[in-house]
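This report refers to the structure that appears directly beneath it.
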Amino acid sequence: MPLISRRALLSGCVAPLLGAAAAAPAPGTAPRSPPREPGLNARALRKDLFYGAALDTRILRTDRTYMAQVPVECGFVVGEYSFKWSELRPEPDKYAFDHAELLVGYAARHGLRVRGHALVWYQSNPDWLEPMLKPDTGEKLLATHIRTTVGHFRKRVVHWDVVNEAIEPEDGKPNGLRDTLWLRALGPSYIDTAFHSCAMADPHALRVLNDYGMEYALPWQERRRGVMLDLLASLKARNVPIQALGLQAHLDGSETHLDQKLVSKFCADVASLGLKIVITEMDVRDNGLPADIAVRDAAIAAHARAYLDAVLPCPAVLGVVTWGLSDRRSWLDDQMPRADKLPQRPLPLDTEMHRKPLWTALAGALDLAPVRRGS
Ligand code: G3I
């Protein structure tokens, strides 16, 4: 096997070199030769950034064409579902790591790094959990889950979304925290417990607080940005071992309130707390745009480019992950469908795995981004 540099390994450029190790095309289909243009992660690496995508394990198990393109474009993968409690914890005394191991094994074979999502969330929990979350035993239950899960994937999962979607000012709880089973059972310190447990289980993994709705110049998002900054500052003041803010960046291609100066200032405010930033779930929905594909693709690409050109110059930003690589599968078609029921086009590759204007926008933003200086 040719000597492969670490940089090349992490850039996903080696997949074609690995031959058999890459996901081979299904019998009878011509192998897809990687496009000539360097992939998104190869471009990101030139700036000490990274690019990755979320994967659904059903795609991983069944769609060879999709999976053959992942190493061409990505340096990171994250499970849409495979690390969530509902997947990992079928019973109180049972861990089911098989789906997550599928993803981690695929990533290892292709030199990709893995994000774990998410150790604590208010959704996708097994039915047995909330009844067992008592004030006197809940903290141990949470800490044990995190130490067991993070310990199991120690050094094989390099980022953890430790707590997902902890804020919701509309819930009227102190400090704008979301009214969740975790807050009700354990109080605000569930966040502290989660980060400390993760740090103890794998001090090498990046520990991220992940949330949405902080991208636009809208009153409800301005409130969320303020609540998040206050939360981050209070966690840092309490020496909670948080290292980064995850901005989900589920964008809306028809949203007109994208203010680049405001986005840049928010990133700078987060960075001033000594925190890094990861764009963790980026996609651009088109359910508010006309049906015409060329019109949608152009609007989505322009919107994504405007957002990324505001975010990527911030030295604290480590990389960009899109919530999927291809339009073949997006949560948006389930959760936020178009009125005309047309499939949306929120991701860099189309259903034929061809690069779209959104791919070009991502590539252009990465090419324009300044090199991180020792970040
Ligand atoms: O229920 C089956 C389960 O039995 C099976 O093992 C698994 C195999 O993949 O599939 C499960 O089906 C669905 C799963 O997606 C498939 O990926 C679940 O029913 C369904 O609830 C789940 O939805 C996910 C959703 O989060 C809830 O966890 C979406 O895929 C995922 O895209 C979405 O992602 C969220 C982020 O975690 C947080 N930010 C918002 C984002 C979009 O909603």
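Start at 1 and go down the list; that is how both ligands and their atoms are numbered. Owing to the predicted nature of the structure, the values given are computational and were not obtained by experimental measurement. One is the number of the first residue; the rest follow in order along the sequence.
Protein heavy atom closest to atom 43 (O) of ligand 1, with residue, atom name and distance, is Trp331 CE3, 3.4 Å. Looking only at protein heavy atoms, the nearest one to atom 27 (C) of ligand 1 is Ser124 OG, 3.2 Å. Residue, atom and distance of the protein heavy atom nearest to atom 5 (C) of ligand 1 are Glu87 OE1, 3.8 Å. Atom 34 (O) of ligand 1 has as its closest protein heavy atom Trp323 NE1, 3.2 Å. Counting only heavy atoms of the protein, atom 36 (C) of ligand 1 lies nearest to His117 NE2, 3.3 Å.
Contact annotation for Gln248 and ligand 1: only side-chain heavy atoms (C-beta onward) come within less than 4.0 Å of the ligand. Only the side chain of Asn164 comes within contact range of ligand 1, with a heavy atom under 4.0 Å; no backbone atom does.
Per-residue contacts place His99 under 4.0 angstrom from the following atoms of ligand 1 (heavy atoms of the residue considered): 6 (O), 8 (C). Contact atoms of ligand 1 toward Asp56: 16 (C), 17 (O) (distance under 4.0 Å to a heavy atom of the residue). Close approach of ligand 1 to His250 (heavy-atom distance below 4.0 Å) involves ligand atoms 39 (N), 40 (C), 41 (C).
A donor-acceptor contact closer than 3.5 angstrom is absent between the side chains of Trp128 and Glu91. Counted by atom type alone, Gln123 and Asn164 present zero donor-acceptor pairs between their side chains at under 3.5 Å. When only modelled atom types and interatomic distance are considered, Trp160 and Asp202 share no side-chain donor-acceptor pair under 3.5 Å. With 3.5 Å as the limit, one finds a donor-acceptor pair spanning the side chains of Asn210 and Glu281.
Closest to atom 26 (O) of ligand 1 by heavy atom, among Glu80, Gln123, Glu165, Lys84, is Lys84. Distances from atom 39 (N) of ligand 1 to the heavy atoms of Arg58, Glu281, Arg329 put Glu281 nearest. Closest to atom 3 (C) of ligand 1 by heavy atom, among Trp85, Trp121, Tyr212, Tyr81, is Tyr81.
Shown here for Ala304 and Leu358, the closest heavy-atom pair between the two residues is CB-CD1, 3.4 Å. Listed here is the closest heavy atom pair of Met214 and Gln221: N-OE1, 3.4 Å.
Between Asp230 and Asn175 the shortest side-chain heavy-atom distance does not fall below 4.5 Å.
Two rings, from His152 and Tyr95, have their centers 6.0 Å or more apart. Here the two rings, on His159 and Phe83, have centers that are 6.0 Å apart or farther.
Any N or O atom pair closer than 3.5 Å counts here, and Thr57 shares at least one such pair with ligand 1.
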